[in-house]
Enquirer: 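What follows is a single structure, and I will ask about it in a moment.
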Amino acid sequence: MVGERRNGNLLVQLGPKLQAYPEELIRQRRTHDGQTEYLIRWSLGSTSGESKSESILMWMSTEDVYANCPTLLGKRKADSQRPLLEEEERPSGQFPADVTFDEGELLDMKDDVKNLVRRAQKQMAKNSDFRISITHTIHVLSAYASIGSLVGVFKETGTGALDLLMELLCNKERQTRRSAGKMLRALASHDAGSRAYVLLSLSQQDGIEQHMDFENRYTLLELFAETTSSEEHGISFEGIHLPQIPGKLLFSLVKRYLCVTSLMDKLNTAGVEPTSERQDVGPSSSTAAYQSEHARVQREFEFTMAMANLISELVRVMGWDRNRQPPHTSSSKHPVRSIFQPRFSASSPVMAATAIAAAVTPPKKKKTTNGFKTRSDFTSRSAYVEFVQDNLKSGMVVRMLEDYEEVSAGDEGEFRYSNDGSPPVQVYWNSLSRTYWVHWHMIEILGNGSGGQAEKETQEKASSLTETLNQTFFSKPPGGLYTLPYLMEGSQDDAGTLSRAEWWEVLFFIKKLEPKQQQEINNILRQSLDEPVLTISPTLFTLGRKDQQNLNLSKLDYFFLNSSSPRQYNYQEDLLPWHESIEPCLSSMTAFVSDREVVQQFIRFLYRLASLNKDYAVVMCRLGTKEALLKALDKHSTSLLMVTELRDLINDCEKYASLYKKMTTSVLAGCIQMVLGQIEEHRRSHQPINIPFFDVFLRNLCQGSSVELKEDKCWEKVEVSSNHHRANKLTDKNPKTYWESNGCTGSHFINIYMHKGVIIRQLTVLVASEDSSYMPARIVVLGGDDPTNINTELNTVNVAPSASHVVLLENMSRFWPIVQIRVKRCQQGGIDTRVHGFEVLGPKPTFWPVFKEQLCCRTYLFHTTKAHTWCQEILEDKNQLLQLFSKLNSALKHEQMFADRFLPDAEAAEALGRTCWEALITPIVQSITISETSTLSPLSWLMNDYLENADSSKRCKSSASIFNSRVRRLTHLLVHVDTSTVDTEELKPPIKSSDSIAGIALCWQGVVQRQVKSFLDSTCSLPDFVERYRGLFLQLKNAMEELFGQHTAFVLALRQGFSAALLQLSILTAMHVSERFAQYIDKMIQESGVDSGNVDTLNQLQQFLEPMLFLSGLELANTFEHFYRYYLGDRLLGQGKMWLESGVVEQIGTCFPNRFPQQMLTNLSESEELQQEFHLYRLQQLDTNLENFEEVRMIDILCKALFTEESDVKVLVLSPRCWVVSAPCYLEEPRKHFPAQLCNYLAEFTEFYANSQRMYGLTHSKPRRLQWTWLGHAELQYGSCTLYVSTLQMYILLQFNKHEDVSVEMLQQATGLSPAMLSHALKPLTAEKGILTHTGSSQDPMKGFLGLNKKTLSQSSDRHGYHFLLPAQTYLNVDEDAALTLERKRNYIYCLIVQIMKNEKEMHIDNLVFKVKYGSAKECLTPVGSPFRTRGSVRFSCSTTDVLSCIMHVINKGYLCRNEESPHIVEFLMEDPSTPRKGQAQYRHRLSKNPYRSTTSLIQVF
């Protein structure tokens, strides 16, 4: 089971230093479908052991609790057995939360509460000694309120406890209010629902809005702040500018928040019913079920309306309604794409819209005629810079994307060249009429500068055609899989049908109308629907789809547009938002601080606001009014009126300001947590969210997700007053460089253009005392909205002569588009100034980073628990793996639909998708691909059964077909997302985990390895082994494409699986398999030369060559190369097809570690060149001879002899290093066997070759010599028939020009060839209907006489054709002796490696290879007949490939290991390896005295 556990419960890693642990089971509920769910508190803590107070509350099903935190189910019983120490620590007067009472005791205590309430009311009616008596009564009531079983009696209306509490909280006596506050906290300490209910009841008393003054309202807000639950403080808004909300608006927002909290608590507890009631079955059960469902929908509707009210109020007080964007129309709807696939990947195309989506709503694409990508197409600047560097060529037209020094955004120019400087790009700008250097990321490629109108039209046509194709066909996802189920299976909503969310949004606005107007709406609905609607209730939604489609919405729209009464749901006082004028007043007062009259008017206005409404004084306190007043007093001393009074009012409100700030953050955090809870609730039920304005709230929380600014990138550009070319020195992060001004005193400035919305937290300039008179002495900071209006003074700073970092601004309260740093005076009266740089720190401009962290954290926790639940089910029953697709697809589909509907930006959607994939898919893949026992992993079992069912699944209705279909759908879903190519700097998930595709590919590799190994063990000795091997490869390849497409990871896994299986073969079996592979290729190539069946044969050959590539990199490749070059030599010398041989060698070239076949083909090409040089050589000789002859007859004879010989004879010079030529094939004296004319030609060639060696050879090198062989081929003419024979067969047939009968014994004596070689050449000549007859001894083929078969020759002569009489190919036999020799070689290398490493302990792997090769060269071995040695005793040789494969073998055996930090370092293990074959590397090599026999041809070394 994948996942770390603590005390039996799952420990979820939410980040590198953050983890979640299930701490407490709070309560349980029963859902409307009868399922039990548990509310679990997950505690967040640091991995380093530091405790954190944050926690996450999450509802979990019974299955999830048992799988992730089973120990919590019994924790309540264990809690009752806590030590008495906790009882002692509990404050006096409070009862334990879990104390239990019998029914009689509870009734008595309820009566006591009622009597105490009545007593307190009587005491309040008396005036004497009121404070002391009422305090004791409240103290006793507080003790009763701390008992959870008595919460209900306090909530009852008839008790009067809440009315009493309201009067006490509004009492003038402070002690009474404090005592009432303790009682409220005790009553609200049980759960969030109780707190919300109590505070909501108090805040919504009749007439409270008219009668509650500032102090009473503050008291309630203070109590709410004190009783706020801890989960609402898990969000920090540090650095985010929050609006200043007046007290009444804040109180209204708190009321709505309390209402939502209370209704949400009712929803969570509504499903808890007595067991006996749920089990009753009778005639009225259906009616009860209907009533229960109706009540559930009614509660959900009330909660939804309250949530919509809260969101609308929050949007208003936060000021989000001022930045409203027009809703997206259907024509501008973005194409549907998977949120789980990275948008930009180098290895795969971007997932586009599906065919259905393209047909219904074709996407609007920006028309581009240049074919180049823009900066918005990339997720990071580095990726865009790399694209521009790769595609930008000299002469191309570019456009500037941003202002930079003298170049403005939008300017166009022609790219000249680039270098390694900074900036690195030189462009000729049309606006400047000269070149100017810029940076890579600042430009955009427009196209080729020389392109004309025709080229543009062609590009437009190509772009139009591409867009048409994208709208018509499916775009191919990564790996070649076409279907994405969670995208394809979503049904298209009918445009005429209102969804539940749309209905409830309509009802929200209807409920805002007056009763009379609601009745008019009711009449409209009654006319439009078949069934009358009597009340505005959620039963409206229960109408059928057919009725909904017939609803005439145009009448409804007309009513809303023409209603005489506007939707008024704001306070009357808020019609004029005076609090919004405070900040502009302060800014203007600071700007005109020198004008006393203007400042006095502002002070009077602010004092009037503060004196009329204390809430405005609180807003002034938070906006920095005190600092503005101090500046005004500094300018005008004591001549200003009402300054002291205003300052005193503001000082009195400081405590209120801190509370308002806390309340604002608490409510906002609570709303975000509530939204996250709703997302999680509907994620659990897979139901859509129907809350009106939910998308509005999320859009504002996600605003800025695509432009998330880091704190050191708060500004867009920088302008300076002079020396613009040195402005980049201010931002190069080098304190030694500087910008130096050029102008008169006081005229030097630096303008910083801020990113929109960034409020400066700190602005610092870097200066240096070494600059002397160039160092600034007085700096003024100004703010402005545009370059022509920078006149608001923000601060003035005097710079000390020893300063280096000067802080100019701190904690600004508003956003300034332009901030100007103006140097008014320099040290020592200097004129020009030097500034070494500046630093701007600012908060993140939006709520997106905060919301992203919370959304991803909760999403990761939810899906991780689900993943572990499903993994637990699969481990218990592997058949559950077949049901995994439907579960995963349902989860992914819900996330996809949620993102498409609510997340406005691609980055926000992709952050959710990436987190979901990492939390859900990655743990499941790790679990199903890893087996903790010796049995197969679940996914391996599934793929094994898939391969076994491959044949039977072709019958569509068979169970095997259904099984394989489920397997394919699951694998398609698991591998269609490749997370390994995502930029690590963007969209970081909560925790970094391994790539899921790599785990599945490794599992597939194991399946392939087991399949191939089983096949090799059972069929290796069968005659049709190679054909079966080809069939196995095609079967596994087809299965791979069916399951995973053509993904690179699985293609490599297929190859590695084959390679691993081949590595497990014994040496003898491996040599046998290698020979069979080489033999099969030889047969296929030879059969391709036949006139019939060329295409089929070549197709079979092509199919077989693909799995042959699996030999590359294996030690088996050396053996295969040996056999292949032996057969290749016979084919090439038999005039084979060079184009086919070259093609085959090129395709499987990696299987030849020594590259002998490639060298053989190169050798033939060099022979052709040598033949051409020989032709030129003979021409030179002819020219020389012609000078000595004057007779025409002799000249004709020489020329005829020259060209006749050259057209008939060609010499192939073969290198003995790569060609397998054995000694019996040598032809020592050609003159004894061939005609004089041919021998003369060979002698001339020998002389030519010797001269060329002396001419081009080195003086100290030994010249090469030629050794003629019997190899080769010839064409003999007999009448009109052409005989195609070998060189030896030519010699035999030429003997019949002199003799009628030729003795076989004479041929053997004359040639000196072995009987086997001579018999092999005679066999096709003396076969049935052959051209020769063999008379004499029938038992011994080396005796008797040969004669011409005149009958066969006459028939052949009549046919006028070619007759191929070349000897058939002889295939080598692999016996145990050859395997023993190879094993001796390997064991010797093993022993040498271990011996070297014992001495060195650790060594670089390259040095180890060199030492092994050097040591093997010093050792002399003498096994006779080995295919790896030459004739006689030679030095033992091994290639680098041999040594590397042996090193890997010794590492696998446990004698060596790689260094973890430096894998190229090999270390010797002192302990004995724990492998069964410990002594293999200790093998002592002994020489064999017996001759080694083998039919393998040996290479002659010259």
Enquirer: How long is the gap from CG on L942 to CG on L970, to the nearest 0.5 Å?
Expert: 6.5 Å
Enquirer: Quick one: closest heavy-atom pair of C69 and N9, and the distance?
Expert: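 Looks like CA-OD1, 3.0 Å.
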Enquirer: Are the side chains of I40 and L57 in touch, meaning some heavy atoms are under 4.5 Å apart?
Expert: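 Side-chain contact under 4.5 Å: no.
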Enquirer: Before we go on, tell me: are the rings of F301 and W504 under 6.0 Å apart, centre to centre?
Expert: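 Distance test on ring centres: under 6.0 Å, yes.
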Enquirer: When the ring planes of W941 and F963 are compared, do they come out parallel, tilted or perpendicular, using 30° and 60° as the limits?
Expert: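 Geometry flag for F963 against W941: perpendicular rings.
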Enquirer: Check the pair Q896 / D900 against side-chain hydrogen bond (donor to acceptor under 3.5 Å, both in side chains), numbers first and verdict last.
Expert: CA-CA 6 Å; Q896 180 73 44; D900 292 340; 3.2 Å; yes
Enquirer: Looking at Q854 and L676, would you say the former's side chain and the latter's main chain have a donor-acceptor pair under 3.5 Å?
Expert: no
Enquirer: Is the shortest side-chain heavy-atom distance between I1000 and I928 below 4.5 Å?
Expert: no
Enquirer: Can you see whether E1042 engages Y946 through a side-chain donor-acceptor pair at a distance of less than 3.5 angstrom?
Expert: yes
Enquirer: Taking Q35's backbone N and O only, do any of them form a donor-acceptor pair with R29's side chain (distance below 3.5 Å, no angle check)?
Expert: no
Enquirer: Verify, without hydrogens or angle tests, whether T922 (side chain) and A919 (backbone) share a donor-acceptor contact under 3.5 angstrom.
Expert: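 Checking the backbone N and O of A919 against the side chain of T922, no donor-acceptor pair under 3.5 Å is found.
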Enquirer: How many angstroms lie between atom NE2 of H976 and atom OG1 of T971, to the nearest 0.5 angstrom?
Expert: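 Those atoms lie 12.0 Å apart.
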Enquirer: Is the charged tip of R699 near the ring of F902: under 6.0 Å from the six-membered ring centre and within 45° of its axis?
Expert: no
Enquirer: Donor-acceptor pair, N949 side chain versus D945 backbone, under 3.5 Å?
Expert: yes
Enquirer: Are the ring centres of F1050 and H1047 closer than 6.0 Å?
Expert: yes
Enquirer: The test is side-chain hydrogen bond (donor to acceptor under 3.5 Å, both in side chains); show your working for T869 and N68 and say whether it passes.
Expert: CA-CA 7 Å; T869 301; N68 297 275; 3.2 Å; yes
Enquirer: Apply the side-chain hydrogen bond (donor to acceptor under 3.5 Å, both in side chains) test between H863 and each candidate in R858, E895, E918; give the one that qualifies.
Expert: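 For H863, the side-chain hydrogen bond (donor to acceptor under 3.5 Å, both in side chains) check succeeds only for E895.
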Enquirer: What pair of heavy atoms forms the shortest contact from M943 to C1003, and how long is it?
Expert: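 In terms of heavy atoms, the two residues are closest at CE-SG, 3.6 Å.
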Enquirer: Y38 and T62: which non-hydrogen atoms are nearest, and at how many Å?
Expert: CE1-OG1, 3.6 Å
Enquirer: Determine yes or no for a side-chain-to-main-chain donor-acceptor pair under 3.5 angstrom, with T929 supplying the side chain and V925 the backbone.
Expert: yes
Enquirer: Taking T935 for the side chain and S931 for the main chain, is one N or O donor matched with an acceptor at less than 3.5 Å?
Expert: no
Enquirer: Rounded at 0.5 Å granularity, tell me how far CH2 in W870 sits from OG1 in T865.
Expert: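 Taking CH2 in W870 and OG1 in T865, the distance rounds to 9.5 Å.
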Enquirer: So, does S940 use its side chain to make a donor-acceptor pair with the main chain of L936 at under 3.5 Å?
Expert: no
Enquirer: If you round to the nearest 0.5 Å, how far is OG1 of T859 from CZ of R683?
Expert: 3.5 Å
Enquirer: Would you confirm whether R684, through its side chain, and W59, through its main-chain N or O, come within 3.5 Å as a donor-acceptor pair?
Expert: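 Such a contact is found between R684 side chain and W59 backbone.
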Enquirer: Using salt bridge (charged side-chain N to carboxylate O under 4.0 Å, His left out) as the criterion, list what pairs up with E873, not counting sequence neighbours.
Expert: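 Salt bridge (charged side-chain N to carboxylate O under 4.0 Å, His left out) check on E873 returns K887.
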Enquirer: Would you find a donor on one side and an acceptor on the other, under 3.5 Å apart, between the side chain of S890 and the backbone of S886?
Expert: no
Enquirer: Listed by chain and number, what are the ring-ring contact (aromatic ring centres under 6.0 Å, His included) partners of H682, not counting sequence neighbours?
Expert: none
Enquirer: Measuring from atom CG of L1002 to atom CD of Q1056, what distance do you get when rounded to the nearest 0.5 angstrom?
Expert: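 It is 8.5 Å, given to the nearest 0.5 Å.
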Enquirer: Roughly how far, to the nearest 0.5 Å, is the CG atom of L920 from the OG1 atom of T915?
Expert: 12.0 Å
Enquirer: Do the side chains of D695 and R901 get close enough for a salt bridge, i.e. N-O under 4.0 angstrom?
Expert: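 Judged by the 4.0 Å cut-off on N to carboxylate O distance, D695 and R901 do not form a salt bridge.
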Enquirer: Can you sort out the partners of F693 under ring-ring contact (aromatic ring centres under 6.0 Å, His included), two or more places apart, ordered by chain and number?
Expert: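 So F693 forms a ring-ring contact (aromatic ring centres under 6.0 Å, His included) with F508, F509.
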Enquirer: When you measure from the side chain of S43 to the backbone of E23, do you find a donor-acceptor pair of N or O atoms at a distance under 3.5 Å?
Expert: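 Not a single qualifying donor-acceptor pair exists.
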Enquirer: In sequence, state the C-alpha distance, the side-chain angles, and the governing distance for W917 and L892, and then conclude on side-chain contact (heavy atoms from CB on, under 4.5 Å).
Expert: CA-CA 9 Å; W917 190 268; L892 298 182; 4.0 Å; yes
Enquirer: Give the minimum heavy-atom separation between L947 and A1039, together with the two atoms involved.
Expert: CD2-CB, 3.4 Å
